[in-house]
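By convention in this document, chain letters (A, B, ...) are assigned in the order of the sequence lines, proteins followed by strands, and residues within each chain are numbered from 1. None of these values were measured; they are calculated from a predicted model.
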There are 2 protein chains.
Amino acid sequence: MGEEQRRRLDDRQHVPEVTVSRLPLYLQTLLALAAQGIRTVSSEQVGQAAGVNAAKVRKDLSYLGSYGTRGVGYDVQHLVDEMSRELGLGRDRAVVIVGAGNLGHALSNYRGFDARGFEVVGIVDIDPDKVGGEVGGVTVSDLASLPGLVAQRPGSIGIVATPASAAQSAVDALVAAGVSSILSFAPGTAMVSDGVTVRQVDLALELQILSFYARRFDETDDRALDPTVL
Amino acid sequence: MGEEQRRRLDDRQHVPEVTVSRLPLYLQTLLALAAQGIRTVSSEQVGQAAGVNAAKVRKDLSYLGSYGTRGVGYDVQHLVDEMSRELGLGRDRAVVIVGAGNLGHALSNYRGFDARGFEVVGIVDIDPDKVGGEVGGVTVSDLASLPGLVAQRPGSIGIVATPASAAQSAVDALVAAGVSSILSFAPGTAMVSDGVTVRQVDLALELQILSFYARRFDETDDRALDPTVL
DNA sequence: CGGTGTGAAGCCTTTCACAGCA
DNA sequence: TGCTGTGAAAGGCTTCACACCG
């Protein structure tokens, strides 16, 4: 591995997690601007469109390198290219869905994946009744075929769409098959070894968070409220 | 408003957002422990089960008040009650889904909502072909009936499950109907007035974040970017 | 000029470490 | 003794403000 390449890898590790989570947002914003024929943008414009402070935009982009021009702004296409590269979106990335229930169905039918360069290469389930069925143009196969689905696709992403009770074994199966980036919709915390990234989306949990903020609008609670509250 | 009162109000709001977002996680953890018949827990145990540092658990819980017993731990049931109250989960909360497509279907069929005290009171769509259909035991009604659905249920939560193009108007319709806590699955940033809380779950965006981390496992790629995948 | 790139300040969150109490 | 509750330290993120440069 050459000096140059190593340094870039190391640099990449220093991109703060929060920044990484905002990059796709900027990317979407830039693509929308590009579609409007806009070729140059300022951090101010990007920030406005993405709902983010301009200084934060500049700081975030500076982690990727100095791609702007002082006094002018950023070249939209150039920035799109650099960000796509940084996010590893230069190629189609394979996605495997574990769990062919309601959510698995909805996900494999979701058109947004294809549109953004993710290819659903398979959906697996343990239920023999579901195996063989077709969902969103993909055939449901047995859990055992999971390793085969991703064998030829390093850097694949797994999606867990099982009930909570099956989530840990779904994650384990994905990791065993060589998948180390996982999006889980199952409630509960999955245990994984180092080097595996799991992002979790728990729908009921999101609603509970919203409930906290919705509470402001409840009529007086039947239970006694702490007097200092609101 | 006097200084003192303002200070108290500010203090109350000062349950940090990150803490609020962890409370439901603790709650789930505690409910699971309660189901196992465990009546007392230490911050260490909760942390272990929730995948969180014990000190953080104590700090977070301390924002709700001092409900623990030194040398002993926390009474599980008492903590569950206090947290439920804090999260406004003392009653069933109404949920309205906007958009009866794939995702809307999956959501209204999702059993996890009921199980955690959220009642899907309606699902609306602008497509006349979809109106009248039944999904998950709920009839799809016209967008216009949205205000009626939540009129009797202050503190309701709205879920946006529309395509991106309809997201802003869906949000506007929800806000106009009096909903001020919204979970959106649509890509893009929705504009809302102050006092409205929007949480966003963008599936493709989640995958792009994972793609960044998956890139470590790609074979060496400094290859030129193919713009067509975007 | 105008807008980037970036040290430095400020703020928020996490973690430490221990006093205090059952 | 054991574990909570919490000041204080450490770390990380955001925001400011301005040097710098096209």
What are the 5'-most and 3'-most nucleotides of DNA chain C lying under 4.0 Å from any heavy atom of chain B?
C:dT13 to C:dA22

Those residues that, when tested against B:N109, pass side chain to side chain contact (heavy atoms under 4.5 Å, CB included) (two or more places apart):
A:N102, B:V135

Among residues at least two apart in sequence or on other chains, which ones pass side chain to side chain contact (heavy atoms under 4.5 Å, CB included) with B:R199?
A:E206, A:I209, A:L210, B:L183

Do any side-chain nitrogens or oxygens of A:K56 fall under 4.0 Å of OP1 or OP2 in D:dT15?
yes

B:N53 CG to D:dC3 C1', in whole Å, measures 15 Å

Give a yes or no on whether a salt bridge exists between A:D218 and B:R93, defined as a side-chain N under 4.0 angstrom from a carboxylate O.
yes

Find the distance A:L23:CG to D:dC13:P and express it as a whole number of Å.
13 Å

Could you give all pairs that pass the salt bridge (Lys or Arg N to Asp or Glu O under 4.0 Å) test and reach residues 52-72 of chain A, with sequence neighbours left out?
A:R22-A:D60

Could you check how far CG of B:L61 sits from C1' of D:dT4, rounded to whole Å?
10 Å

Name all residues meeting the side chain to side chain contact (heavy atoms under 4.5 Å, CB included) criterion together with A:V150; count only those two or more places apart in sequence or in a different chain, and write none if there are none.
A:V96, A:S156, A:A177, A:V179

Any salt bridge (Lys or Arg N to Asp or Glu O under 4.0 Å) involving residues 175-190 of chain B? Give me the pairs, sequence neighbours left out, ordered by first then second residue.
none

Donor-acceptor pair, A:Q200 side chain versus A:G188 backbone, under 3.5 Å?
yes

Give every residue pair that meets the salt bridge (Lys or Arg N to Asp or Glu O under 4.0 Å) criterion with at least one member in residues 168-180 of chain A, sequence neighbours excluded.
none

What string of B, S and - do you get for nucleotides 17-22 of chain D, 5' to 3', when a contact is any protein heavy atom under 4.0 Å?
B-BBBS

Qualifying residues under ring-ring contact (aromatic ring centres under 6.0 Å, His included), relative to A:Y213, sequence neighbours excluded
none

Identify, with sequence neighbours excluded, every residue that meets salt bridge (Lys or Arg N to Asp or Glu O under 4.0 Å) alongside B:E17.
none

What is the distance from CD of A:E17 to P of D:dG11, rounded to the nearest Å?
18 Å

By side chain to side chain contact (heavy atoms under 4.5 Å, CB included), which residues pair with A:E44, not counting sequence neighbours?
A:S42, A:Q48, A:A54

I need the CD-P distance between B:E44 and D:dG5, as an integer number of Å.
15 Å

Please give the angle, rounded to 10 degrees, between the axes at the start and the end of the helix from C:dC1-D:dG22 to C:dA22-D:dT1, where five pairs define each axis.
10°

